Amino acid sequence: MAHSYSPIIAAALLAALAVAVPVLAQDAPKGDAAAGKKVFLADGCYECHGRVGEGGAMNGPAPILAKSKLPYEAFKAQLRGPANDMPPYPTTLLSDQQVADIFAYLQSLPGPRPVSEVPILND
C-alpha cells in the first residue's frame, strides 16, 4: 500500500543529495607541494612510504601514496586516526595546512608506472 507522503520523502532525499554531492566532490584545500615535501621528509613519512611515496615495507606493506586516488578527506582521516601500525598525527603534530601540503606533494608525484611500461614484467 503506497503512502501519500512517499513523494515528499523522495523529494526530500533528492534535495539532500543535490546539496551533499557537491560537498563530497570538493577538491583538497590549497596545499604547497614544496612545503609538503619538507614536512613529509622531516616527519619521517618516507621511512615507510618511500621518499617519493612509492610505498615500502616496515611492519608490513606501506601503501603507495604518490598520485593516490584516496580523496583528501580520507587521507586526512588516515593521518589523524590511522589503521594498522601507522602512528597518529593529531593537529598538535601536523596542522591542517601541513596535511594539505603533504597531500599536494604526493599528488604532484608521477605515481606508479603501468605494468605495460616495466620491461622486466613484460618478457
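Predicted, not measured: the structure shown is a model, and the values here were computed from it.
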Are any non-hydrogen side-chain atoms of Phe75 and Leu106 less than 4.5 angstrom apart? yes
What is the distance from atom CG of Asp43 to atom NZ of Lys38, rounded to the nearest 0.5 Å? 13.5 Å
Is a side-chain donor or acceptor of Ser68 paired with a backbone partner of Leu65 at a separation under 3.5 angstrom? no
Is there a side-chain contact between Val39 and Gln98 in this structure, where contact means two heavy atoms from C-beta onward sitting under 4.5 Å apart? yes
Are any non-hydrogen side-chain atoms of Gln97 and Ser95 less than 4.5 angstrom apart? yes
Side-chain touch Arg51/Leu41, heavy atoms, less than 4.5 angstrom: yes
Would you check, one step at a time, whether the test side-chain contact (heavy atoms from CB on, under 4.5 Å) holds for Phe40 with His49? CA-CA 10 Å; Phe40 187 84; His49 295 286; 4.1 Å; yes
When you group the ILVMFWY residues by side-chain heavy-atom contacts below 4.5 Å and let the links chain together, are Ile64 and Tyr72 in the same group? no
Closest heavy-atom pair and its distance - Cys48, Ala62: O-CB, 3.1 Å
Counting N and O atoms only, with roles assigned by atom type, does the side chain of Asp101 sit under 3.5 Å from a partner on the main chain of Asp32, one being a donor and the other an acceptor? yes
Would a 4.5 Å heavy-atom cut-off, applied to side chains only, mark Leu79 and Met86 as touching? yes
Any side-chain heavy-atom pair of Ile102 and Leu94 under 4.5 Å: yes
Hey, is the main chain of Gln107 close enough, under 3.5 Å, to the side chain of Lys67 for a donor-acceptor pair? yes
Would the number of heavy atoms belonging to other residues, nucleotides or ligands and lying under 6.0 Å from CG of Asn122 be above 12? yes
Would you say the side chain of Lys76 lies within less than 4.5 Å of the side chain of Phe103, judging by non-hydrogen atoms? no
Report yes or no: does Glu54 contribute a side-chain atom to a donor-acceptor pair with the main-chain N or O of Val52 at less than 3.5 Å? yes
Determine, for Asp96 against Arg80, whether the closest basic-nitrogen to carboxylate-oxygen distance falls under 4.0 angstrom. yes
